[in-house]
Amino acid sequence: MSLDQQLQPLEPVTTPDPADDRIGARYSRLFGWPVKWRGHHPFLALENGICAVTLPKLSAGPILARLAATGCQGPALVLSTHRGPRVAVPAETDGLLPLRTDLPKDIEVLAWGALLPLPVTVRRTDLATEWLTAPDPQQRWLPSLSAVLSAVSAGER
């Protein structure tokens, strides 16, 4: 089972209640992210040029540090999955996505139709998602997929 299959919500799309909708509106208005709802949970829809690179939480520190050192740091989420805690780095697709066989075995690129759970700060939910690096309204862009994968590959040398 791939990570995007593990993260797919089981509940159908619903209209959020007003308190929840403020959270989704914040992500949509401040960052221009497409948000979809499953029950009371907002999800970042990976579409329209947005993807995410996921990796084990234990190996994320050096990769995020390399992104910060090159001025390419963006938001990062910690997700609870069947394979343990993972970090998801939303990114802009900047060309073709790499083949699964071209990536290190513990790295995955999610795109086109995958949904990434977003943290909800108003109330605790059963989704264990939190910001490792919160998005910054002053820096609304996402790093490029190439920059994120370059930071990953730099650690393998």
Original post:
Which atom names give the shortest non-hydrogen contact between P137 and P135, and what distance separates them?
Top reply: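 Heavy atoms of P137 and P135 come nearest at CD-O, 3.7 Å.
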**OP:** Quick one: closest heavy-atom pair of V87 and V78, and the distance?
**Re:**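 The answer is CG2-CG2, 4.4 Å.
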Nearest 0.5 Å, what's the [atom1]-[atom2] distance between [X] and [Y]?
X	Y	atom1	atom2	value
S153	I107	OG	CD1	10.0 Å
L44	F31	CG	CZ	11.5 Å
K36	L46	NZ	CG	10.0 Å
E108	D106	CD	CG	10.5 Å

If two hydrophobic side chains count as joined below 4.5 Å and joins carry through other members, does [X] share a cluster with [Y]?
X	Y	result
W141	L132	no
I50	W131	yes
W112	V53	yes

**OP:** State, with a plain yes or no, whether a side-chain heavy atom of L77 is found less than 4.5 Å away from one of P117.
**Re:** no
Subject >> Side chain to side chain, T129 and H41, heavy atoms closer than 4.5 Å >> reply: no
Could you list the donor-acceptor pairs under 3.5 angstrom formed between side-chain atoms of residues 69-76 and any protein atom two or more places apart in sequence or on another chain?
residue: T70; atom: OG1; partner: R66; partner atom: O; Å: 3.2
residue: T70; atom: OG1; partner: L67; partner atom: O; Å: 3.0

**OP:** Could you walk me through whether T133 and V89 pass side-chain contact (heavy atoms from CB on, under 4.5 Å), step by step?
**Re:** CA-CA 9 Å; T133 306; V89 180; over 6 Å; no
Original post:
Has the side chain of D94 got a donor or acceptor atom that lies under 3.5 Å from a matching backbone atom of S144?
Top reply: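 Checking the backbone N and O of S144 against the side chain of D94, no donor-acceptor pair under 3.5 Å is found.
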Original post:
Going through the distances and angles, do L103 and L149 end up as a side-chain contact (heavy atoms from CB on, under 4.5 Å)?
Top reply: CA-CA 9 Å; L103 297 171; L149 293 178; 3.9 Å; yes
**OP:** For D136, check side chain to side chain contact (heavy atoms under 4.5 Å, CB included) against everything at least two apart and list the hits.
**Re:**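 Per chain and number, D136 pairs via side chain to side chain contact (heavy atoms under 4.5 Å, CB included) with Q138, Q139.
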Original post:
Would R86 and T54 count as having a side-chain donor-acceptor pair, cut-off 3.5 Å?
Top reply: yes
